[in-house]
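Step one of this worksheet: look at the structure below.
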Amino acid sequence: DAGITQSPRHKVTETGTPVTLRCHQTENHRYMYWYRQDPGHGLRLIHYSYGVKDTDKGEVSDGYSVSRSKTEDFLLTLESATSSQTSVYFCAISDSSGGSYNEQFFGPGTRLTVL
Amino acid sequence: GNSVTQMEGPVTLSEEAFLTINCTYTATGYPSLFWYVQYPGEGLQLLLKATKADDKGSNKGFEATYRKETTSFHLEKGSVQVSDSAVYFCALRGYNQGGKLIFGQGTELSVKP
């Protein structure tokens, strides 16, 4: 299994509080991604990173920010959590070779509940 | 923009039945196509992939063929087992899209003994 961990694995918080989720990898992969999984929507990309301090927005980035200060860690922050951000959050990593992107490996997920 | 549509679930089958999960896509250029599987309480795992038209991806008895003429990538298995019970996601990686994946909504499969 690819070395990806997410923390915390479960979190319950209240509306308006800040929340930070952490993704940590030991594979030295260049690309990292944050997705959210909701019933009927599959997985949707929130933000992604193509290197240290290089990040970009995905499909559903409003209300989220990210940071990547070192290769192995990619942080997702909800500045002021809302109930619509209750979801399961997955981190993924990938690399490239020969000019092509390799498969994405997924972490175990973080279940976030915003009351 | 690019999108993926999967057949709705849940799909309930008896053990040893034939499985088809339909997946169609909309994309410009030449996307790569994937099937991921998610077992209960776990993250997603790549099941199979195809990177160009007419390619057939296969793994663990599952197969899918990249059909550009019908923009489809249907997942099939000849004889399902109880252990195949999971949620299956079809996904595409668009050409020149920075490695990002676009997922279908997922199809839950339940296999009964």
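Within every chain, numbering begins at 1; the chains are lettered A, B, ... in the order of the sequence lines, protein sequences first and strands thereafter.
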Might you confirm whether atom [atom1] of [X] has over 12 heavy atoms from other residues, nucleotides or ligands at distances under 6.0 Å?
X	atom1	value
A/E14	CD	no
B/Y30	OH	no
B/K52	NZ	no
B/E16	CD	no
A/R111	CZ	no

Point-to-point distance, once rounded to the nearest 0.5 Å, from CD of A/E59 to CD1 of B/I102: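 The CD atom of A/E59 sits 7.0 Å away from the CD1 atom of B/I102.
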
Over all atoms of both residues, closest heavy-atom pair of B/K100 and A/Y48: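 In this case the closest contact between B/K100 and A/Y48 is CD-CE2, 3.4 Å.
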
Closest non-hydrogen atom pair, B/F89 against A/Q37: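 Taking B/F89 first and A/Q37 second, the nearest heavy atoms are CZ-NE2, 3.2 Å.
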
With only heavy atoms counted, which part of [X] is less than 4.5 Å from chain B, the side chain, the backbone, both or neither?
X	answer
A/R9	side chain
A/Q6	neither
A/F90	side chain
A/L43	both
A/N102	backbone

Under 4.5 Å from a heavy atom of chain A, the part of B/E8 involved: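 For B/E8, neither part sits under 4.5 Å from chain A.
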
Region of B/F34 in contact with chain A, defined by heavy-atom distances below 4.5 Å: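 Neither part.
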
Minimum side-chain heavy-atom gap A/Y33-B/L101 below 4.5 Å: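 Sidechains of B/L101 and A/Y33: no contact.
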
Sub-4.5 Å side-chain heavy-atom contact between A/F106 and B/Q38: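 A side-chain contact under 4.5 Å is absent here.
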
Please answer: with hydrophobic residues joined when any side-chain heavy atoms are less than 4.5 Å apart, are [X] and [Y] in the same cluster?
X	Y	answer
A/V19	A/Y64	yes
A/L76	A/F105	yes
B/Y36	B/V4	no

Selection residues 74-113 of chain B - residue pairs positive for disulfide bond (SG atoms under 2.5 Å apart), sequence neighbours left out: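 Found B/C23-B/C90.
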
Option in B/G106, B/G104, B/G99, B/G43 with maximal non-hydrogen atom pairs under 4.5 Å from chain A: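 The option with the most such pairs is B/G99.
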
